[in-house]
Novice: 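A single structure is presented below for examination.
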Amino acid sequence: MCPGAGPGQICYNCHMTKKCNFKYTGAMVLGMHDALVEISGIIAGLTFAIASQRVIIMTGAIAAVAASLSMSAANYMAQRADGNPNAAVCAAYTGMMYIATSMALLAPFCVIRNRFWAVGVMCAVVVGVVLIFNWYIGKKNRRPWHRAFWQMLGVCLGVSGASFLIGQAAKYFLGVTI
């Protein structure tokens, strides 16, 4: 039981973790996971629908900043509604993790000229980020991390795959080639 919360209550010192040893984990997971799912999905979809790598980078960066601001604001409002006195800090962690994760996903497109190789490296970055984060949180909380890793990875890859199919369908049915 966390000393910051009674039975059935949320501890805002450790942000919804069962052990009070890592602050704001939930806010960090929210920003990181949403960026992994959303931005990797957008980039994967764009990679196969748009030939210009510069357009992919520009669109991904714009989406990352807009989504980061949106996620931060949504988390702030949710935390305020739950009565969390640290709502602004939670929102900041969410936004920072979203931007940092998005930049890691866009980085391969900035250094690798072939967009298909870049999307492959981006997928490796997704696996690496999910692995390192889940391993660290699991070790820090003294809990197994494998299940959370596979769960998070499955969601990320599933959404990216769906975005790829949507990009292909849009390209085919709309006849858009950029």
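Below, each value reflects all heavy atoms present in this structure, side chains not excepted, and no hydrogens, waters or symmetry copies.
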Novice: Determine whether Val29 and Met103 fall in the same hydrophobic cluster, where Ile, Leu, Val, Met, Phe, Trp and Tyr are linked whenever their side-chain heavy atoms lie under 4.5 Å apart.
Specialist: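 As far as the 4.5 Å side-chain criterion goes, Met103 and Val29 are connected within one cluster.
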Novice: Without swapping roles, check the side chain of Arg115 against the backbone of Thr47 for a donor-acceptor pair under 3.5 Å.
Specialist: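 Side chain of Arg115 to backbone of Thr47, a donor-acceptor pair under 3.5 Å: yes, one is there.
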Novice: What residues, two or more places apart in sequence or in another chain, satisfy side chain to side chain donor-acceptor pair (under 3.5 Å) together with Ser40?
Specialist: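 Once residues adjacent in sequence are excluded, the partners of Ser40 under the side chain to side chain donor-acceptor pair (under 3.5 Å) criterion are Ser160.
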Novice: Heavy-atom count around Phe116 CZ within 6.0 Å, excluding the residue itself: above 12?
Specialist: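 Counting neighbours around CZ of Phe116, more than 12 heavy atoms of other residues, nucleotides or ligands fall under 6.0 Å, so yes.
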Novice: Can you list, by chain and residue number, the hydrophobic cluster partners of Ile132 when the side-chain cut-off is 4.5 Å?
Specialist: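 Once heavy-atom contacts under 4.5 Å are chained together, Ile132 still belongs with nothing else.
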Novice: Could you check whether any side-chain heavy atom of Met32 comes within less than 4.5 Å of a side-chain heavy atom of Met152, counting everything from C-beta outward?
Specialist: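 Answer yes - side chains close enough.
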Novice: Could you grab the distance from atom CH2 of Trp135 to atom NZ of Lys139, nearest 0.5 Å is fine?
Specialist: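 Nearest 0.5 Å value for the CH2-NZ distance: 7.0 Å.
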Novice: Between atom CD1 of Ile42 and atom CG of Leu106, what is the distance when rounded to the nearest 0.5 Å?
Specialist: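 Spacing of CD1 (Ile42) from CG (Leu106) equals 10.0 Å.
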Novice: For Pro108 and Ala118, work out which heavy atoms get closest and say how close.
Specialist: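 Minimum heavy-atom contact is CB-O, 3.6 Å.
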Novice: May I ask you to decide if Arg80's main-chain N or O and Asn84's side chain share a donor-acceptor pair within less than 3.5 Å?
Specialist: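 Looks like no, no N/O pair under 3.5 Å.
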Novice: Do side-chain atoms of Asn86 reach the backbone of Val89 as a donor and acceptor pair under 3.5 angstrom?
Specialist: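 Checking the backbone N and O of Val89 against the side chain of Asn86, no donor-acceptor pair under 3.5 Å is found.
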Novice: Any chance you could measure Leu30, atom CG, to Met28, atom CE, to the nearest 0.5 Å?
Specialist: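 Here the rounded value is 11.5 Å.
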Novice: Distance from Thr101 atom OG1 to Met96 atom CE, nearest 0.5 Å?
Specialist: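 Between Thr101 OG1 and Met96 CE, I get 11.5 Å after rounding to 0.5 Å.
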Novice: Could you tell me which non-hydrogen atom of Ile137 sits nearest to which non-hydrogen atom of Thr25, and how far apart they are?
Specialist: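 Nearest heavy atoms, Ile137 then Thr25: CD1-CG2, 3.9 Å.
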Novice: Nearest 0.5 angstrom please: Arg143 CZ to Asn134 CG, how far?
Specialist: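 Result: 11.5 Å between the selected atoms.
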Novice: Please give me the minimum heavy-atom distance between Ala27 and Cys90, naming the atom from each residue.
Specialist: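 That closest heavy-atom pairing would be CB-O, 3.3 Å.
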Novice: Linking I/L/V/M/F/W/Y whenever their side-chain heavy atoms sit closer than 4.5 Å, directly or via other members, would Met77 and Met71 fall into one cluster?
Specialist: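 Unlinked, Met77 and Met71 end up in two clusters.
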Novice: Identify the heavy atoms of Cys156 and Val126 that sit nearest to each other, and give their distance.
Specialist: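 Looks like CB-CG1, 4.0 Å.
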Novice: Could you walk me through whether Phe133 and Met97 pass side-chain contact (heavy atoms from CB on, under 4.5 Å), step by step?
Specialist: CA-CA 11 Å; Phe133 189 81; Met97 284 299 286; 4.3 Å; yes
Novice: side-chain contact (heavy atoms from CB on, under 4.5 Å) between Thr94 and Tyr24: does it pass, once the steps are laid out?
Specialist: CA-CA 9 Å; Thr94 298; Tyr24 308 110; over 6 Å; no
Novice: So does Phe109 have more than 12 non-hydrogen atoms from other groups sitting under 6.0 Å from CZ?
Specialist: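 For Phe109, atom CZ is crowded (more than 12 foreign heavy atoms under 6.0 Å).
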Novice: Among the clusters formed by ILVMFWY side chains lying less than 4.5 Å apart, do Leu174 and Tyr172 turn up in the same one?
Specialist: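 Cluster IDs for Leu174 and Tyr172 differ.
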Novice: Give a yes or no on whether the backbone of Ile112 and the side-chain of Gln53 come within a donor-acceptor separation of less than 3.5 Å.
Specialist: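 Looks like yes, one N/O pair under 3.5 Å.
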Novice: Start with the C-alpha distance between His33 and Val130, add both sets of side-chain angles, then the distance that settles side-chain contact (heavy atoms from CB on, under 4.5 Å), and finish with yes or no.
Specialist: CA-CA 8 Å; His33 190 264; Val130 171; 6.0 Å; no
Novice: Say whether Val65 and Tyr98 are linked into one hydrophobic cluster, either directly or through other cluster members, by side-chain heavy-atom distances under 4.5 angstrom.
Specialist: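 In one cluster: yes.
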Novice: Treating Ile, Leu, Val, Met, Phe, Trp and Tyr as nodes and any side-chain heavy-atom pair under 4.5 angstrom as an edge, say whether Met58 and Leu46 lie in one connected cluster.
Specialist: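 No, Met58 and Leu46 fall in different hydrophobic clusters.
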Novice: Locate the shortest heavy-atom distance separating Tyr76 from Ala91; write the atom from each residue and the value.
Specialist: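 Result for this residue pair: CB-CB, 3.6 Å.
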Novice: Give me the atom names and distance for the closest heavy-atom approach of Gly95 to Ser68.
Specialist: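 Of all heavy-atom pairs spanning Gly95 and Ser68, the closest is O-OG, 3.3 Å.
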Novice: Would you mind listing every side chain to side chain donor-acceptor pair (under 3.5 Å) that reaches into residues 145-157, with sequence neighbours excluded?
Specialist: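 Not a single pair qualifies under side chain to side chain donor-acceptor pair (under 3.5 Å).
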Novice: Hey, what do you get for OG1 (Thr59) to CD1 (Ile39), rounding to the nearest 0.5 Å?
Specialist: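 Rounded to the nearest 0.5 Å, the OG1-CD1 separation comes out at 10.5 Å.
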